[in-house]
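Inspection log for the structure reproduced underneath, given as structure tokens.
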Amino acid sequence: MVNRPVWEELTKEMTAAGATLVAVSKTKPSSDIQELYDLGQRHFGENYVQELVAKHEELPKDIIWHYIGHLQSNKVKYLTPFVHMIHAVDSFKLLEEINKQAAKHNRTIDVLLQMYLAEEETKFGMDEKEILSLLDYYTAQRSQLQNVRICGLMGMASNTDNEQQISDEFHRLCNFFTHLTDTTFFNQPHFAVKSIGMSSDYKLALARGGNMVRIGSMLFGSRN
Ligand SMILES: *Cc1c(COP(=O)(O)O)cnc(C)c1O
């Protein structure tokens, strides 16, 4: 079951903020996705490779799929035929693999670099230094990486009720994003995405300058 009034309200908020709503449909049935699709939603996000592949096969082909979970290199090949954006790139090896697999389909796949924001040790991602070092490799080998396009940063804030802390973590990502637009990605308008904010903290993300939010439970109800 989809919460239609919430979707309508969110869609208005995103339009006002110039942000993209990615509806996170992991663990939810395809019928829920179809319901939102029929209302006009096109961007959907999933976390599990097999689940995404199965849903892609049965749902309308103009859905814009985002893979937002942690991705293992050996699974990239299942996504490259159709995925639009991969949010959580956290190593140069993964970037190379996406490029290699995308080339087989003559596609260019948009990716985001996952920046580590939270204090919890369990979350994946890279800190500023690691991102800069990945970008050094990227810049040096760019001519061989034509099938992948780095479009911005993705991050997850700490799982806390402390709004100041969450806001500070988003701020850190947005500051670093600005630094990259002034340096590595100077004059490269495709580097434009700040994917931050989920059901619990998307308002803080928009206030900090996020322009892509990934929202699941608010739209589809809580997951088991
Ligand atoms: C599940 C998930 C979301 C959505 O979380 P909700 O709290 O249900 O909105 C967003 N981003 C990532 C990376 C996720 O895994």
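First listed ligand is number 1; within each ligand, the first listed atom is number 1.
The protein non-hydrogen atom at the shortest distance from atom 14 (C) of ligand 1 is Lys26 NZ, 3.0 Å. Summary of contacts: the protein heavy atom closest to atom 10 (C) of ligand 1 is Met198 SD, 3.3 Å. For atom 9 (O) of ligand 1, the closest non-hydrogen atom of the protein is Ser199 OG, 2.5 Å. Protein heavy atom in closest approach to atom 7 (O) of ligand 1: Ser217 OG, 3.6 Å.
Taking every heavy atom of Ile68 and a limit of under 4.0 angstrom, the matching atoms of ligand 1 come to 11 (N), 12 (C), 13 (C), 14 (C). Ligand 1 places these atoms under 4.0 Å from at least one heavy atom of Gly216: 4 (C), 6 (P), 8 (O), 9 (O). Of all atoms in ligand 1, numbered sequentially from 1 with element shown, those under 4.0 Å from a heavy atom of Arg214 are 4 (C), 9 (O), 10 (C), 11 (N), 12 (C), 13 (C). Remark: ligand 1 atoms within the under-4.0 Å shell around heavy atoms of Arg223 are 1 (C), 5 (O), 6 (P), 8 (O). Listed by atom number, the atoms of ligand 1 under 4.0 Å from Ile215 heavy atoms are 9 (O). With ligand atoms numbered from 1 in the order given, ligand 1 contributes 13 (C) to contacts under 4.0 Å with heavy atoms of Met156.
Inspection of the His87 and Ser195 side chains reveals an N or O donor paired with an N or O acceptor under 3.5 Å. Using modelled atom types, one finds a donor on one side chain and an acceptor on the other under 3.5 Å when comparing Ser167 with Arg208.
Between Glu35 and Arg4 there is no salt bridge, since no side-chain nitrogen of the basic residue lies less than 4.0 Å from a carboxylate oxygen of the acidic one. A salt bridge links Lys55 to Glu46: at least one charged side-chain nitrogen sits closer than 4.0 Å to a carboxylate oxygen. Lys77 has no carboxylate O lying under 4.0 Å from a charged side-chain N of Glu97, or vice versa, which leaves the two without a salt bridge. Look at Lys12 and Glu8 and you find no salt bridge, because none of the NZ, NE, NH1 or NH2 atoms lies under 4.0 Å from a carboxylate O.
Atom CD of Gln188 has more than 12 neighbouring heavy atoms from other residues, nucleotides or ligands inside a 6.0 Å radius.
Remark: distances from the non-hydrogen atoms of Met218 to ligand 1 are all 4.0 Å or more.
Residues meeting the ring pair (Phe, Tyr, Trp, His ring centres under 6.0 Å) test with Tyr202, sequence neighbours left out: none.
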